[in-house]
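Right, one structure below, let's go through it.
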Amino acid sequence: MAAIELRDVRKVYPGGVEAVKGVSLDIADGEFLVLVGPSGCGKSTLLRMVAGLETISAGMASIGGRVVNTLEPADRDIAMVFQNYALYPHMSVRQNLQYGLKNRKMEKAEIARRVAEAAEILQIAPFLDRKPRQLSGGQRQRVAMGRAIVREPSAFLFDEPLSNLDAKLRVQMRGEIRRLQRTLGTTSLYVTHDQLEAMTLADRLVVLNGGLVEQVGTPMELYERPASVFVASFIGSPSMNLIGIGSGAIEGLTGLGTMPGVPAGRPFTLGVRPEHLDVTEGESTAGEVTLLLTVTNVEVVGAESFVYGRLGGTGPDVAVRVSGYSRLEPGVTLRARARPGALHAFDASTGRRLT
Amino acid sequence: MAEKRVVFSGWGFPALLLLPQLAITFIFFILPAAQAVRQSFFRADAFGFGERFVGLANYTSLLASADYLQSFVTTLIFSLAVTVLTLVISLAFAAAVDRLIRTSGLYTALMIWPYAIAPAIAGVLWWFMFDPSIGIVAYWLRVGGLSWNHLLDGTDALILVIVASAWRQVSYNFIFFLAGLQSIPRSLHEAAAIDGAGPVKRFFTIVLPLLSPTLFFLIVIDVVYAFFDTFGVIDATTAGGPGQATTTLVYKAYADGFLSQNFGSSAAQSVILTLVVVALTVVQFRFIERRVHY
Ligand SMILES: Nc1ncnc2c1ncn2[C@@H]1O[C@H](COP(=O)(O)OP(=O)(O)OP(=O)(O)O)[C@@H](O)[C@H]1O
Ligand SMILES: [Mg+2]
């Protein structure tokens, strides 16, 4: 068990690409921290620097109070689960689990005990003598997890471990990983580009953008108070509706008074989540922000539907969540009311949160 | 993966397309092979005017000949040495080039060159370098305190043809080893590094087992090469000598047939040689393949 600390960590690849541009993070002992961001933002690079698979160009990384910048991967007391699982194809599942322990000259009895325990926890005991290619994707994933937990390392590192699984299995394994991490209490750093996975797994979330930290916080903090337009559009699905507000009136938008934190007359970006808009029939009352939309498309998901429409008929696209089955047809006009207190305001030029 | 299939309406046109290849195979491979088998049961007179059926006499006299059995031993030593030397050197080079990222194209090109050189020229090249009076390598060896004379010393001569033969074959092996190494996902190396295996341990516990299909394929290829394809190298460097020191089976078949005009014996030797290689390949498939991880 150990805390992980990153201080102004940078990575410049040979050739000049600066993939990570100064990241500082504190991961508490036993915490489950998820790194999330779009493709190419430097998530894997950051994780691999912690693992020791990439050199750290500048800054400091420590695991359990020990600076690891120059330590070999094997000496960092971490275990990693790879996207393609990286199981040794010529070894049986049992040998895969044993490999790291044998290399560390552990006693036979102890190795057997740990392998049996991991097989029990992950329900892979029936496959111990099979080769990886004789397993399904989900079973391989468990073996990859098993190889990490037999080591009993001070931290787990995951690089998109579920992205090769189908949607249903992904949800199931997501739950198992979370449960396992809670039981073992091992500090974990988890990389994903899937915001839903990030939200459900994380104790705390780190949103990366272009090699820099955009925001750090609990999933609900990021959901409720996104620090920037980038985080606002990244967390939540469908993403937050963003409407540019200039000095003049916006067609189809009524009732927008002055926003707290926004100087009057200054242009800003208004944000409101689809689930914070309610379809309403009657006229708007004073102090209520109302949007008038021309429906363009309806997505029925089952328990809920998402109605997409253009603000004022020609303005930006806005999504509205409707519970149940929406029978709205494209072309009709819809009036949606924003729930009080659910509005966000971001600086029009920097994209940072204003309120 | 989608399979590309061309459908022909009859069998006439496909047969026509196959004909040139079949004709070449028949005229240049099957016919001479059949002739060799037939000839091995006959003995031709000294002037080539007549021949008479002698049954297995060609074979029995071969197996009773000390020269022939010596040539067998020479071939075994030669083939084993060429195969091992080729595999070890080419794997070492491939592993070295695999570690490079940017310059690997240049090295790969350089490594492949020897393969484009004709066997006889390769032989002459090494013959020059090792020539006792003018060769640079022979000179270095003398400076290093080793006497070298492959014109007189049978062991020196054997070493020379082994080195020259292996040198040609390294290119071919190198390409396959490099492709094999590059098909091992990087994440496997990384997982093993995290699992506490150093570079040497990784090589023997991860890389080599995963290369075993390639290794097996190359062993078969190299043995066949050493048995048959080294004729040009031997002919250009030592011509089987001194004495019989570098007379391998294939060289002896040539010498007895074309130099001594003993066609019956030469044909019998070709047949035995072919059977030996077939047997070796079968053995290799049977016993080595079991330990190969596909
Ligand atoms: N070995 C490398 N050499 C040079 N540039 C690299 C190397 N690996 C990654 N990069 C670059 O660094 C940046 C970050 O890459 P990284 O793999 O960390 O992204 P990521 O956030 O993990 O993306 P993804 O979600 O697609 O996996 C990218 O612009 C990438 O092109
Ligand atoms: Mg990645």
Side-chain angles (χ1 to χ4, degrees), chain A residues 13-15 44 47-54 63 68 71-92 95-106 111 131-134 140 143-144 146-148 150-151 153 155-161 164, chain B residues 1 87 91 94-107 176-219 285 287-294:
Chain A
Y13 278 110
S44 298
L47 187 81
R48 291 165 58 82
M49 282 194 284
V50 176
L53 300 174
E54 299 288 353
I63 300 172
V68 295
L71 288 186
E72 289 294 318
D75 302 328
R76 297 191 180 194
D77 196 22
I78 47 102
M80 184 156 165
V81 179
F82 293 81
Q83 177 171 359
N84 64 358
Y85 315 140
L87 299 176
Y88 312 121
H90 57 295
M91 297 184 195
S92 67
Q95 288 167 326
N96 265 281
L97 299 185
Q98 289 171 340
Y99 187 72
L101 306 180
K102 279 186 173 167
N103 286 339
R104 288 181 167 74
K105 310 254 179 303
M106 191 175 282
I111 293 180
K131 294 272 173 68
R133 77 183 133 78
Q134 297 164 315
R140 280 179 215 181
V143 177
R147 193 169 63 181
V150 289
R151 291 263 318 281
F156 289 138
L157 306 176
F158 299 87
D159 194 352
E160 309 205 19
N164 284 357
Chain B
M1 222 188 283
L87 290 172
L91 183 54
V97 171
D98 186 43
R99 296 180 68 124
L100 302 169
I101 305 154
R102 251 175 299 176
T103 41
S104 64
L106 174 69
Y107 286 106
F176 280 88
F177 275 138
L178 187 60
L181 286 172
Q182 290 184 339
S183 70
I184 298 175
R186 224 170 81 124
S187 57
L188 280 188
H189 290 276
E190 294 173 346
I194 291 175
D195 264 344
V200 177
K201 182 140 205 178
R202 285 206 293 276
F203 181 81
F204 284 104
T205 56
I206 309 285
V207 175
L208 209 52
L210 292 178
L211 271 186
S212 56
T214 310
L215 190 65
F216 171 66
F217 165 76
L218 287 174
I219 288 175
F285 268 101
F287 293 98
I288 306 185
E289 200 187 12
R290 266 193 220 150
R291 305 191 43 194
V292 166
H293 311 283
Y294 281 98

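As a basis for the values below, the full set of heavy atoms in this structure was taken, side chains included, without hydrogen atoms, waters or symmetry mates. What you are looking at is a predicted structure, and each value in this text was computed from that prediction instead of being measured. So that the names make sense, note that chain A is the first sequence line, chain B the second, and so on, each numbered from 1.
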*Examine whether an atom of A/Arg48 lies under 4.5 Å from a heavy atom of chain B, and if so say whether it belongs to the side chain, the backbone or both; otherwise answer neither.*
side chain
*Indicate yes or no for a side-chain donor-acceptor contact from A/Arg140 to the backbone of A/Ala86 under 3.5 Å, with no hydrogens or angles considered.*
no
_Nearest 0.5 angstrom please: B/Leu218 CG to B/Thr214 OG1, how far?_
6.5 Å
_Side chains of A/Tyr88 and B/Asp195 only: does a donor on one sit below 3.5 Å from an acceptor on the other?_
yes
_Nearest non-hydrogen partners of B/Gly196 and A/Arg104, listed with the distance_ = N-NH1, 3.8 Å
_Please classify the contact between A/Leu101 and chain B as side chain, backbone, both or neither, with a heavy-atom cut-off of under 4.5 Å._
neither
_Heavy-atom proximity to chain B below 4.5 Å, by part of A/Phe82_ = side chain
